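Bear in mind that the values here come from a model prediction, so they are computed numbers and not experimental data.
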Amino acid sequence: MKSAAPRGERETRLDRKDGPERSCVVTRTVKSPDDLIRFVVGPDGSLVPDLRRKLPGRGVWASLSAATVTEAIKRRAFERSLKTKVFVSPDLAAMIDGLMLKDAQQALSMANKAGLVQAGFAKVEAMIGSGRCAAVIAASDGAEDGHRKIGQALRRAEFAREEAGLKPRKVPVVAIFAGEDLELALGKAHVIHAALAPGPAAEGFLSRWRRLVRYRTDDAGAVEPDEPAVADSVDPDSDTTIP
């Protein structure tokens, strides 16, 4: 006969038929691990965010929300759930934000190495018009005029889809990086706008972006797109792809 799981483990884990689920240390809401952040106690006795969910040791979970992490610190919820003395940095929420931002930056660099990123306004505008733009990346500190022109290009693409009788599709605009961060990720100077073509590396980047936006917006932003960013059809009498 199997022995009962420890009380703390029962509180943080529920294994269901459709896969493992965990409960938030603050709200006790049961969620998929993809909707939570895992934490473990490091060798030095400090609480460590385990964003990849691979670190050894017993984990404790919090919702994918900076506000929830901050509330867990205030309530000392991590210590109570782990039932051990642990140092929790008062800057933990900001530390997680920085780690997630760096993770997204590295993923963008990988997408660039895979040949999926085009930088420069003209190239971005062309990719938007082609219908193969998975996302637009805009420097958060870029000029308003440039952002306005990108917005106009996106609206033209939406209008073209409507005219062609195609289902509307919003192209996400990623604005989590400052210009210098984009330059580091892409290995190019003066990058203000870039376009992302579809591909596994692109989806890896967008997945990290969505998690960061959800974290910053109390698990409410950057929802999944309605459909993949691919060209829907080609006019047989033309070389132009209908967006």
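- Taking CG from Asp35 and CH2 from Trp61, the interatomic distance works out to 10.5 Å, rounded to the nearest 0.5 Å.
- Contact detail for Gly199 and Leu116: the closest heavy-atom pair is CA-CD1, 4.0 Å.
- Residues Leu47 and Leu51 share a single hydrophobic cluster, defined by chaining ILVMFWY side chains whose heavy atoms lie under 4.5 Å apart.
- Note that the NZ atom of Lys102 and the CG atom of Asp97 stand 14.0 Å from one another [nearest 0.5 Å].
- Under the 3.5 Å distance criterion, the side-chain polar atoms of Thr70 are matched with a main-chain donor or acceptor of Ala66.
- A donor-acceptor pair is defined here as one N or O able to donate and one able to accept, closer than 3.5 Å; such a pair exists between the side chain of Asn112 and the backbone of Leu186.
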Exercise for the section: Begin with the C-alpha distance, continue with both residues' side-chain angles, and end with the deciding distance and a verdict on side-chain contact (heavy atoms from CB on, under 4.5 Å) for Glu180 and Asp141. Expected result: CA-CA 9 Å; Glu180 61 180 359; Asp141 53 355; 6.0 Å; no

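- Using a cutoff of 4.0 Å between basic side-chain nitrogens and carboxylate oxygens, Arg156 and Glu163 are not scored as salt-bridged.
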Problem - Derivation of the side-chain contact (heavy atoms from CB on, under 4.5 Å) call for His193 and His147 - result: CA-CA 8 Å; His193 297 99; His147 295 336; 3.2 Å; yes

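- With rounding to the nearest 0.5 Å, the separation of CG in Leu196 from CZ in Arg132 is 11.5 Å.
- Atom CG of Leu182 sits about 8.0 Å away from atom OG of Ser140, to the nearest 0.5 Å.
- When every heavy atom of Val25 is checked against every heavy atom of Phe78, the shortest pair comes out as CG1-CE2, 4.0 Å.
- Note on Phe87 and Val48: separate hydrophobic clusters, where clusters join Ile, Leu, Val, Met, Phe, Trp and Tyr whose side-chain heavy atoms are under 4.5 Å apart, directly or indirectly.
- Note that the NZ atom of Lys113 and the OG atom of Ser109 stand 4.5 Å from one another [nearest 0.5 Å].
- In this structure the side chain of Arg58 reaches within 4.5 angstrom of the side chain of Ser81, judged on heavy atoms.
- Nearest heavy-atom pair across Thr27 and Ser63 is OG1-OG, 4.2 Å.
- Using a 4.5 Å heavy-atom threshold, the side chains of Lys31 and Leu64 count as separate.
- Proximity of Arg155 to Gln152: side-chain heavy atoms (C-beta onward) are separated by under 4.5 Å at one or more points.
- At a threshold of 4.5 Å between side-chain heavy atoms, the hydrophobic network of Ile, Leu, Val, Met, Phe, Trp and Tyr places Val88 and Ile96 in one connected group.
- With a 6.0 Å radius and a threshold of 12 heavy atoms from other residues, nucleotides or ligands, Arg53 has its CZ atom above the threshold.
- When all heavy atoms of Ile176 and Ala104 are compared, the closest pair comes out as CD1-CB, 4.2 Å.
- A salt bridge links Arg148 to Asp145: one of the charged nitrogens lies within less than 4.0 Å of a carboxylate oxygen.
- Scanning all heavy atoms of the two residues, the minimum distance from Pro90 to Ile73 falls at O-CD1, 4.3 Å.
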Problem - Residue pair Tyr215, Leu101: steps toward the side-chain contact (heavy atoms from CB on, under 4.5 Å) verdict - result: CA-CA 11 Å; Tyr215 178 74; Leu101 182 64; over 6 Å; no

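- Taking the side-chain hydrogen bond (donor to acceptor under 3.5 Å, both in side chains) definition, one finds that Glu183 meets it with nothing, sequence neighbours left out.
- Counting heavy atoms from C-beta outward, Leu212 and Arg208 have side chains that stay 4.5 Å or more apart.
- In this structure the side chain of Val124 never reaches within 4.5 angstrom of the side chain of Lys149, judged on heavy atoms.
- The shortest distance between side-chain heavy atoms of Leu108 and Phe177 falls below 4.5 Å.
- When side chains are defined from C-beta on, Val174 counts as touching Leu206, because their heavy atoms get closer than 4.5 Å.
- Considering only heavy atoms from C-beta on, Phe205 stays 4.5 Å or farther from Val117 through its side chain.
- No hydrogens or angles considered: a donor-acceptor pair under 3.5 Å links the side chains of Asp44 and Ser46.
- Grouping the Ile, Leu, Val, Met, Phe, Trp and Tyr side chains by contacts below 4.5 angstrom, directly or via other members, places Val41 with Met95.
- The main-chain N or O of Lys167 is found under 3.5 Å from a side-chain atom of Arg161 such that the two form a donor-acceptor pair.
- How far CZ of Arg38 is from CG of Leu55: 6.5 Å, rounded to the nearest 0.5 Å.
- Arg75 has a carboxylate O that lies under 4.0 Å from a charged side-chain N of Glu71, or vice versa, which qualifies the two as a salt bridge.
- Contact record, Glu21 with Pro33: CA-CD, 4.4 Å, taken as the closest heavy-atom pair.
- Leu99 and Val213 fall within a single hydrophobic cluster, where Ile, Leu, Val, Met, Phe, Trp and Tyr side chains are chained together by heavy-atom contacts under 4.5 Å.
- Applying the side-chain contact (heavy atoms from CB on, under 4.5 Å) test to Leu184 and every residue at least two apart in sequence or in another chain returns Gln105.
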